[in-house]
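One structure is given below, encoded as C-alpha cells.
Predicted model, so just to flag it, every value in this text is computed and none were measured. Chain letters run A, B, ... following the sequence lines, proteins first, then strands; residues in each count from 1.
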There are 2 protein chains.
Amino acid sequence: MKTVYERADIIPLLAETFRELGYEGATLSRITERTGIGKGSLYHFFPGGKEEMAGAVLADIDAWFEQAIYRPLRDDDAHQAIAAMWVNVNDYFRGGGRICLVGAFALDDTRERFSEAIGDYFIRWTEALRSALMRAGCAEKKAQTLAEEGVCGIQGALVLSRALRDGAVFTRALETLANRLEAAT
Amino acid sequence: MKTVYERADIIPLLAETFRELGYEGATLSRITERTGIGKGSLYHFFPGGKEEMAGAVLADIDAWFEQAIYRPLRDDDAHQAIAAMWVNVNDYFRGGGRICLVGAFALDDTRERFSEAIGDYFIRWTEALRSALMRAGCAEKKAQTLAEEGVCGIQGALVLSRALRDGAVFTRALETLANRLEAAT
DNA sequence: TCCCCACTGTACCTATCGGTACAATGTTAT
DNA sequence: ATAACATTGTACCGATAGGTACAGTGGGGA
C-alpha cells in the first residue's frame with residue numbers, strides 16, 4: 001500500500017501549514033509531519049523547495065480570490081457582489097479562525113521573497129472593490145477610501161480575532177464594515 | 001576598547017530585528033549581525049535566550065503603549081486623548097514604515113509562546129479606547145464597536161501599507177478612522 | 001502481461017540553528 | 001593600587017535546517 005498524491009492535493013495542505021507556522025516557522029520536517037507527505041514527494045512536485053511550495057500556495061490563493069471575489073466585484077451586479085464578498089470572506093477565513101497568508105507574509109522579511117504576489121493580491125482586491133462601489137453610485141475618491149477601509153478592516157479583524165482568540169470579533173467587524181459600505185452606496 | 005551595553009539599550013535594537021524578521025526569522029546570528037551585540041552579551045542579559053529577548057521586547061512595547069496611549073485614554077480628557085492617539089500611533093509606526101510586533105506575533109504559531117502578552121495588549125487598547133469614547137458621549141455598545149473598529153483599522157492599515165510599500169495608505173487610513181470616531185462623539 | 005515511469009521513503013550531505021563554557025577584559029568600590 | 005565583579009568575544013556543542021541521491025514500488029498503456 002502506497003499513498004499517491006497529485007500536486008493539486010498537496011497545495012491546500014501546504015497552505016494550512018504555512019498559515020499556522022509562517023514561512024520561516026514551516027520547516028521541512030514540520031511540513032512532512034503535518035501533511036503526511038514525505039520529502040521525496042515534496043521535492044518531486046516542487047523542485048524549487050520551500051520557496052516554490054509557498055509560491056504555489058500564493059498562486060492558488062490568488063486564483064481562488066480572483067474567481068470568488070475579484071471577478072464578481074468587477075463584472076457582476078455591484079450590490080450583490082459586495083454582499084457576496086462578506087459571506088465568502090467570512091467563510092474563507094472560517095469566521096476568524098484562519099488567517100490571511102498574504103497579509104502574514106507581508107509583515108516580515110518574507111515579503112521580499114514574494115513581493116509581486118503580495119502587492120498584486122491587495123491591489124487587485126482594493127481595485128475590484130472600488131470598481132463595484134463606483135458602479136453602486138460612489139464617487140471615485142470616496143470609493144477608493146471605502147475600498148481601502150474595507151480591505152484594511154478585514155486584515156485588521158483577522159489580527160485582532162487571532163490575538164484575542166475570539167472569532168466573534170471577526171464576524172462582528174465584517175458586519176460593521178458591510179453596513180458602512182452599504183450605507184455609502 | 002570594548003563597547004559596553006545595558007539591557008535597556010539592547011531592547012530597542014532587538015525590537016527592530018524581531019519586527020523585520022519575525023520571531024522564527026530572527027536567528028541568533030542575524031541578531032548579532034544587525035545589532036552588533038555578540039552572543040556573550042546577549043545571553044548575559046537574557047539567560048533565557050531568544051524567548052526571553054522577545055518577551056522583554058514585548059514588555060517594553062507594553063510599557064510604552066501604557067504610558068503614551070492607554071493611560072491618557074483612560075484618565076485624560078477624552079477628545080484630547082483620542083486626538084493624541086492618532087498622532088502618537090502614526091509617529092510610533094513611522095507612518096506605516098514600521099509594523100506592530102504584537103500583531104505580527106499573533107498571526108502565526110509564535111502566538112502560543114506569548115499568548116498572555118499578546119491578548120493583554122489588544123484588550124487593554126480596545127478597553128482604553130472604549131472608555132474614552134464613552135466619556136466623549138458614546139453609548140457603551142457603540143463605543144465597543146468603534147473601539148474595535150479603530151484598533152482593527154490600525155492593524156489592517158499596517159498590513160496593507162507594508163504589502164503595497166506605500167506609507168501613504170497608512171496615514172490616509174488613520175485620517176479616515178479619526179474622522180469616523182470624531183463624528184460619533 | 002510486462003514494461004515504463006511517475007511517485008515515494010530513506011539515507012545522507014553541509015550549513016546553520018539555539019545554546020553553553022570560559023578566559024580575557026575593563027570598570028568600580030575600597 | 002588592587003580585588004571583585006560585571007561584561008564581552010571566541011570556541012565549541014548536539015540537534016536540526018534545507019536539500020540531494022537514489023533505489024524501490026506499483027499503476028496504466030502497449
Worksheet item: Once you round to the nearest 0.5 Å, how far does CG of B:Leu164 lie from CG of A:Asp120?
Response: 10.0 Å
Worksheet item: Any luck finding a side-chain donor-acceptor pair between A:Arg165 and B:Ser115 under 3.5 Å?
Response: yes
Worksheet item: Do the side-chain N or O atoms of B:Ser29 get closer than 4.0 angstrom to the phosphate oxygens (OP1, OP2) of C:dT16?
Response: no
Distance, rounded to the nearest Å, where [X] contributes [atom1] and [N] contributes [atom2]:
X	N	atom1	atom2	value
A:Glu6	C:dC7	CD	P	8 Å
B:Tyr5	C:dG26	OH	P	15 Å
A:Leu28	D:dT20	CG	P	10 Å
A:Lys50	D:dT16	NZ	C1'	12 Å
B:Ile10	D:dA6	CD1	C1'	13 Å
B:Arg7	D:dT8	CZ	P	13 Å

Item to complete: Enumerate the residues from residues 30-44 of chain A whose closest heavy atom to DNA chain D is under 4.0 Å, giving them by residue number; use none for an empty result.
Response: A:Lys39, A:Tyr43
Worksheet, complete the sentence: side chain to side chain donor-acceptor pair (under 3.5 Å) with A:Gln144: of A:Lys141, A:Glu148, A:Glu140, only one passes, and it is A:Glu148
Worksheet item: Would B:Glu127 and B:Arg124 pass as an ion pair if we require N to O under 4.0 Å?
Response: no
Worksheet item: Does the pair B:Arg74/B:Glu66 count as a salt bridge with the N-to-O cut at 4.0 Å?
Response: yes
Fill in: Aromatic contact, A:Tyr23 with A:Phe114 (centres under 6.0 Å)
yes
